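Below is one structure, written out as structure tokens; the observations come after it.
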Amino acid sequence: MTYDVKVYVTLKEGVLDPQGSAVKNSLHHLGFDGVSDVRIGKVMTLRLEATEDTLHDHVKQMCDKLLANPVIEDYTYEAEEVVSS
């Protein structure tokens with residue numbers, strides 16, 4: 001089967017996020033004073049051939065080995081089967 005996978009990578013809680021702090025400060029300068037925290041992350045989209053049984057292991061291995069730094073980053077993913085028409 002073919003899957004479209006979105007991988008979301010974010011810094012772990014407690015890891016300093018200078019980019020998020022800069023965005024928060026900029027939002028405050030623009031008058032958005034209600035913003036109390038900003039954390040910056042990244043989203044990666046993949047199209048992947050896998051079986052339902054191997055999908056999780058493949059994505060986990062890719063994240064652990066390349067797409068995320070498991071020491072300082074967390075990741076989650078969503079997968080949707082590609083249905084050909």
Side-chain angles (χ1 to χ4, degrees):
M1 289 185 264
T2 303
Y3 293 92
D4 282 336
V5 179
K6 287 185 181 177
V7 178
Y8 303 91
V9 178
T10 57
L11 290 171
K12 289 184 175 181
E13 287 296 321
V15 175
L16 291 178
D17 184 354
Q19 189 178 12
S21 295
V23 170
K24 183 181 86 174
N25 290 337
S26 294
L27 288 170
H28 287 176
H29 286 297
L30 292 171
F32 298 102
D33 295 330
V35 178
S36 62
D37 191 27
V38 176
R39 302 289 286 176
I40 301 294
K42 52 192 170 189
V43 177
M44 290 164 266
T45 59
L46 313 167
R47 181 159 281 183
L48 172 65
E49 295 289 332
T51 66
E52 189 174 335
D53 292 336
T54 61
L55 176 66
H56 174 74
D57 287 341
H58 286 176
V59 174
K60 183 178 183 329
Q61 286 180 28
M62 287 188 274
C63 289
D64 288 342
K65 292 180 178 179
L66 180 67
L67 302 179
N69 179 346
V71 174
I72 62 169
E73 295 175 322
D74 289 323
Y75 60 84
T76 59
Y77 72 91
E78 299 172 349
E80 183 175 321
E81 185 179 346
V82 175
V83 179
S84 58
S85 53

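FYI, side chains are in, hydrogens and waters are out, and symmetry mates aren't considered; it's all heavy atoms of this structure. What you are looking at is a predicted structure, and each value in this text was computed from that prediction instead of being measured.
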In terms of hydrophobic clustering (I, L, V, M, F, W, Y; side-chain heavy atoms under 4.5 Å; direct or indirect links), are Leu67 and Ile72 co-clustered? no
Distance, nearest 0.5 Å, that separates CG of Asp74 from NZ of Lys12: 5.5 Å
Can you name the closest pair of heavy atoms from His58 and Ala50 and give their distance? ND1-CB, 3.9 Å
What are the two closest heavy atoms between Tyr8 and Tyr77, and how far apart are they? CD1-CA, 4.5 Å
If you count the non-hydrogen atoms of other residues, nucleotides and ligands that lie under 6.0 Å from CG in Leu30, is the total more than 12? yes
To the closest 0.5 Å, what do you measure between OG (Ser21) and CG (Asp37)? 7.5 Å
Atom OG1 in Thr54, atom CD in Glu49: separation rounded to 0.5 Å? 10.0 Å
d(Met62 CE, Asp57 CG) to nearest 0.5 Å is 10.5 Å
Report yes or no: do Leu66 and Leu46 belong to one cluster of Ile/Leu/Val/Met/Phe/Trp/Tyr joined by side chain heavy-atom distances under 4.5 Å? yes
Restricting to non-hydrogen atoms, name the atom on Val38 and the atom on Asp17 that form the minimum distance, rounded to 0.1 Å. O-OD2, 3.9 Å
How close do Met44 and Val9 get, heavy atom to heavy atom, and via which atoms? CE-CG2, 3.4 Å
Nearest atoms (heavy-atom pairs only) where Lys60 meets Tyr75: CG-OH, 3.5 Å
Rounded to the nearest 0.5 Å, what's the gap from CD on Glu78 to OG1 on Thr76? Could you check? 7.0 Å
Find the distance between OG1 (Thr2) and CD (Glu81) and round it off to the nearest 0.5 Å. 8.0 Å
Identify the two heavy atoms, one from Val5 and one from Ala79, that lie closest to each other, and give their separation to 0.1 Å. CG2-CB, 4.1 Å
